[in-house]
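Working notes for the structure below.
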Amino acid sequence: MIIRPYGTEAMLVDFEQQIDSVIHGRVMEFYLFCKKRNSTAIRSIIPAYCSVTILFDPAIISYNQLKSQLESVAIGKTVASQKRTICIPVCYEPPFALDLREIMKQTALTAQAIIDAHTASDYLVYMMGFVPGFAYLGKLNASLFCARKAVPRQAVPIGAVAIAAAQTAIYPFSTPGGWQILGNTPIQVADLSKPELSLFSIGDNVRFESISLTKYHQIIQSIKRNTFDWEQLYV
Amino acid sequence: MFEKIPIKLTLIRPGLYTTIQDNGRLGCQDQGIPQGGYMDVESANLANWLVANPRSYPVLELTMMGPTIQFEGACQIALTGADMGATINGLATKMNQTINIKNQDILGFGQLKRGLRTYLAVRGTWQLSKWLNSYSALPPQIIGQMATGPLKKGQVISVIVSNSITQRSVAIPSIPKSTVLLQVSRGPEYHRFDPSMVQRFFGQLYTMTNRFDRMGCLLKGVQAIDSVPDEIISSGLIPGTIQITNAGQPIVVLQDAPVTGGYNRIAVLGRKQRNRIAQMCRGQQLQFVDSKN
């Protein structure tokens with residue numbers, strides 16, 4: 001763990017610079033420790049893949065004071081896991097698999113092999129960012145690694161499930177984006193009008209389940225009718 | 001006791017990008033929410049002081065081309081920041097002082113003369129709802145979700161006016177049009193850059209490109225800065241961070257930027273310097289000065 005100044009009102013806490021679930025576990029421990037401290041000196045915390053950025057109030061605490069307080073935090077003990085696993089239904093069929101051809105070309109896999117690889121493992125929420133509710137999920141099976149699109153889309157459809165290098169994600173809103181789109185979820189993953197803005201928090205596990213176009217529309221309907229059981233997403 | 005009837009501000013024309021801003025929302029960046037908030041805190045605080053509103057109170061932030069606002073009811077306002085040739089009922093009005101507004105007055109703006117962003121404070125309690133403890137508008141890509149994006153034509157803001165105050169005014173130097181020197185702290189990846197590249201970064205002039213908004217400013221220098229390696233694993237971004245893109249040009253990260261990014265962070269602007277850059281337009285030149293810490 002290396003602590004460095006980041007301007008005059010923030011510090012950067014770097015862990016070993018790798019995208020790795022064990023290293024991310026240390027990020028989570030450190031982040032949760034800082035968050036639980038609930039100190040007025042700490043204005044905001046940004047946990048990421050292998051770093052934590054802390055914004056502090058220099059009128060309350062100096063950089064050196066905060067640094068020495070945080071350096072004494074014992075990292076490396078296993079914290080009681082409160083991880084949730086969230087299962088997201090995805091339709092990988094047309095009209096949603098917008099970049100399937102490009103992904104097939106880049107990976108030399110069949111459409112079914114791509115779906116199988118994407119749904120085979122659980123992904124860790126390494127970081128929340130880009131836009132509210134956007135969870136950076138990893139790591140993708142190496143057979144699925146794709147370069148980003150040469151020209152980003154101006155507006156990615158809401159709910160698009162996409163991949164880029166070792167990462168996968170769901171676009172919570174229609175935003176510009178350069179990731180390769182392989183499907184779409186009928187589940188609204190972020191709702192800024194609700195107290196819990198996003199379905200995901202950093203440290204959660206996410207699993208994708210392949211659904212048919214018929215099932216996709218059934219879920220859309222039941223969400224509209226307010227009969228959708230949101231609890232079933234948590235496995 | 002009589003219930004106080006709010007006065008109304010109606011946006012007859014919305015202006016180029018007019019938003020409600022306060023000090024922004026801190027503490028929710030772990031959920032990927034940008035900080036938001038006044039781009040030029042100093043001017044916003046001054047506007048609120050001129051109408052004796054509390055600090056961190058909401059104001060309108062006007063960008064480049066101001067709106068046209070009709071007032072329904074008398075109130076006191078103040079304008080600070082960029083000089084956009086403000087008028088009341090077509091007659092020029094002064095900045096940096098308390099202005100008395102009469103019922104049916106129309107506040108308009110002309111040509112942008114200096115700076116980029118003007119702050120409009122209105123004395124009293126604004127009838128708005130907070131989201132995540134702030135009134136600040138969200139970046140455009142997520143406004144579909146919330147009502148607090150840039151203001152639209154016909155939109156109305158209600159304010160319960162407080163008792164009038166004696167006029168306040170302040171003389172402040174006008175916003176410079178010439179080259180601006182901005183002192184910076186060293187960024188987390190400062191030492192990853194070759195000393196010759198650091199020298200280049202501080203040695204050359206940068207020009208504001210046509211990309212300058214609440215998310216950030218893309219700058220252009222004659223010589224590109226090479227960073228080795230190109231990118232880092234995505235890590236926290238705070239307003240004021242200066243990143244070097246893969247094309248070797250600096251991006252200054254500002255209030256509405258995403259909370260993480262992957263470019264090398266060479267330097268960081270402090271709050272005062274952010275206020276300066278928030279008032280700079282396309283074509284204007286600036287140079288960074290190493291504060292050596």
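Values below: all heavy atoms of this structure, side chains included; hydrogens, waters and symmetry mates excluded. Chain letters run A, B, ... following the sequence lines, proteins first and then strands; every chain starts at 1.
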Are there more than 12 heavy atoms of other residues, nucleotides or ligands under 6.0 Å from atom [atom1] of [X]?
{"X": "B:Q204", "atom1": "CD", "value": "yes"}
{"X": "B:L16", "atom1": "CG", "value": "yes"}
{"X": "B:N133", "atom1": "CG", "value": "no"}

So, taking the atom named [atom1] in [X] and the one named [atom2] in [Y], what distance separates them when rounded to the nearest 0.5 Å?
{"X": "A:I46", "Y": "B:S234", "atom1": "CD1", "atom2": "OG", "result": "12.0 Å"}
{"X": "A:E9", "Y": "B:S185", "atom1": "CD", "atom2": "OG", "result": "9.5 Å"}
{"X": "B:Q29", "Y": "A:T53", "atom1": "CD", "atom2": "OG1", "result": "11.0 Å"}
{"X": "A:L197", "Y": "B:L132", "atom1": "CG", "atom2": "CG", "result": "5.5 Å"}
{"X": "A:L192", "Y": "B:Q31", "atom1": "CG", "atom2": "CD", "result": "10.0 Å"}

Least distance between heavy atoms, [X] atom then [Y] atom:
{"X": "A:L12", "Y": "B:S235", "answer": "CD1-OG, 3.6 Å"}
{"X": "A:M128", "Y": "B:V259", "answer": "O-CG2, 3.9 Å"}
{"X": "A:K35", "Y": "B:D30", "answer": "NZ-OD2, 2.6 Å"}

Can you tell me which portion of [X] sits under 4.5 Å from chain B's heavy atoms? Options are side chain, backbone, both or neither.
{"X": "A:R43", "result": "both"}
{"X": "A:I45", "result": "backbone"}
{"X": "A:Y6", "result": "both"}
{"X": "A:S44", "result": "both"}
{"X": "A:F200", "result": "neither"}

Legend entry - Leading residue by heavy atom contact count with chain B [cutoff under 4.5 Å; candidates A:Q18, A:Q17, A:R4]: A:R4

Inset, instruction - Name the member of B:I238, B:I33, B:L26 that forms the most heavy-atom pairs with chain A at distances under 4.5 Å. - result: B:I238

Legend entry - Positions in residues 260-278 of chain B that reach chain A, provided some heavy atom is under 4.5 Å away: B:T260, B:R265, B:V268

